[in-house]
Amino acid sequence: MSTALDTPGPHTPALPHVLDNPAWASLTGAHARFAERVGRAARYQADVSPFIALADALDPGAWDDLAVLAGPGAEVVVPGVATRPPGWELSRGIAGVQLTGEDVTAEAAPEAVVLGPADVPEILDLIALTEPGPFLPRTVELGRYLGIRHDGRLVAMAGERLRPPGWTEISAVCTHPAHRGRGLATRLIRAVAAGIRERGEVPFLHTGAANTGAIRLYESMGFTLRRRTTFDLVRVPEGPG
């Protein structure tokens, strides 16, 4: 069930879509138990996810709240923000894309196993080897993560991250280099999507704009490009102003 939007009239500005700010929608909704918040800024607990979100990136007050939340000189990951107030320095930025999966085939993968806290050491080893994106010791608590093992060793995984209303993000899609080319990622994505569909939600995902191989895979599965975005590491100003 996707979020319904009113059709704007000729003089009515288009309403924002929940996927335009999915981290904020998650932190103030399904993932509120993982949130630390000051006014119009929120972040995940430090061992869950590095993402921070603003209620409105065009509101200077939200950035003031973020400065209080993070502390002077801290570096924070702020997704999907095009501009920053003076004094907020960009340390590093990654161009990304957001794709939605209304037409993705969802089906169970009988060989997949549910991953939990006991699997975190293996998960972190696979993440370090394949670098699909940030994954911390408690990220596995955000949703349902599935893995495929070979001779008892975890060789592929995928799972759920952001949970804005009506949607769930598929994340941490990775396969050990020695086991690529066997369709493991495709099977896991479809299996994770099946769990999302069972809740009446729609899968979506993010990846780097330069990761053309992954984008081709996702599009071949039925994902479609919704928008381009950024994942920026920014530094909080050291003092007032």
Side-chain angles (χ1 to χ4, degrees), residues 1-2 19 22 26 29-31 33-34 48-49 97-208 211-226:
M1 179 177 64
S2 62
L19 292 188
S26 298
H31 286 167
R33 67 189 183 279
F34 301 113
V48 175
S49 173
V97 293
Q98 182 186 83
L99 301 99
T100 58
E102 293 92 341
D103 298 324
V104 171
T105 299
E107 58 187 4
E111 72 274 39
V113 297
V114 177
L115 302 175
D119 301 297
V120 167
E122 271 192 291
I123 291 173
L124 294 179
D125 286 345
L126 185 59
I127 293 291
L129 179 65
T130 57
E131 299 183 337
F135 199 101
L136 300 174
R138 292 180 57 214
T139 301
V140 73
E141 298 177 26
L142 293 177
R144 182 169 176 257
Y145 281 83
L146 300 178
I148 292 177
R149 295 185 177 278
H150 179 77
D151 292 335
R153 180 183 183 186
L154 183 66
V155 298
M157 65 172 287
E160 301 173 352
R161 189 168 60 181
L162 299 180
R163 289 280 307 278
W167 301 79
T168 298
E169 180 192 27
I170 297 178
S171 183
V173 179
C174 57
T175 303
H176 191 286
H179 295 270
R180 290 173 182 165
R182 297 169 49 195
L184 301 185
T186 297
R187 296 206 292 276
L188 286 171
I189 291 169
R190 287 177 174 162
V192 174
I196 295 169
R197 291 268 177 79
E198 287 175 3
R199 296 195 299 265
E201 299 175 349
V202 182
F204 74 105
L205 53 79
H206 294 95
T207 192
N211 194 354
T212 55
I215 294 171
R216 283 196 298 270
L217 169 65
Y218 299 144
E219 290 180 335
S220 72
M221 295 179 64
F223 284 93
T224 57
L225 177 67
R226 179 178 177 270

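- Although no hydrogens or angles enter the test, the distance criterion places a donor-acceptor pair under 3.5 Å between the side chain of S26 and the main chain of R163.
- Side-chain contact between M221 and T186 is present, with heavy atoms from C-beta onward closer than 4.5 Å.
- Counting heavy atoms from C-beta on, the side chains of F223 and E102 never come closer than 4.5 Å.
- In this structure, the side chains of L19 and W167 come closer than 4.5 Å at one or more pairs of heavy atoms.
- The line from CG of L115 to CE of M157 is 6.0 Å long, rounded to the nearest 0.5 Å.
- The shortest distance between side-chain heavy atoms of E219 and L99 falls below 4.5 Å.
- The backbone N or O of R182 lies less than 3.5 Å from a partner atom in the side chain of R187, making a donor-acceptor pair.
- Side-chain atoms of R180 and T175 include no donor-acceptor pair closer than 3.5 Å.
- P203 has its side chain within reach of R197: a pair of non-hydrogen atoms, C-beta onward, lies under 4.5 Å apart.
- Between the side chains of S171 and E169, no donor N or O sits under 3.5 Å from an acceptor N or O.
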Quick one: do Y145 and F135 satisfy ring-ring contact (aromatic ring centres under 6.0 Å, His included)? Show the steps, please.
CA-CA 12 Å; Y145 281 83; F135 199 101; 5.4 Å; yes
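- Looking only at side-chain heavy atoms (C-beta outward), N211 and Y218 stay at 4.5 Å or farther from each other.
- You'll find the side chain of V97 reaches within 4.5 Å of the side chain of T207, heavy atoms only.
- A donor-acceptor pair shorter than 3.5 Å cannot be found between the side chains of R161 and S49.
- Of all non-hydrogen atoms in R190 and T105, the two that sit nearest each other are CG-O, 3.0 Å.
- Residues passing the ring-ring contact (aromatic ring centres under 6.0 Å, His included) test with H179, sequence neighbours excluded: H150, H176.
- Closest heavy-atom contact between I127 and G133: CG2-O, 3.9 Å.
- To the nearest 0.5 Å, atom OG of residue S220 and atom CD1 of residue I215 are 12.0 Å apart.
- Side-chain contact annotation: T168 with E160, donor-acceptor N/O pair under 3.5 Å absent.
- Two residues are said to be in side-chain contact when any heavy atoms from C-beta on lie closer than 4.5 Å; V173 and L188 fail this criterion.
- Between P177 and T130, the shortest heavy-atom contact is CD-CG2, 4.3 Å.
- For the residue pair L126 and A156, the shortest heavy atom distance occurs at CD2-N, 3.9 Å.
- For the atom pair I189 CD1 and I196 CD1, the distance stands at 10.5 Å (nearest 0.5 Å).
- A distance of 12.0 Å separates CD1 of I170 from CG of L162, quoted to the nearest 0.5 Å.
- When all heavy atoms of A191 and L146 are compared, the closest pair comes out as CB-CD1, 3.6 Å.
- Residue T100 comes nearest to R226 through the heavy atom pair CG2-CD, 3.9 Å, listed as atom of the first residue, atom of the second, then distance.
- For residues 114-124, the salt bridge (Lys or Arg N to Asp or Glu O under 4.0 Å) pairs, not counting sequence neighbours, are D119-R149, E122-R149.
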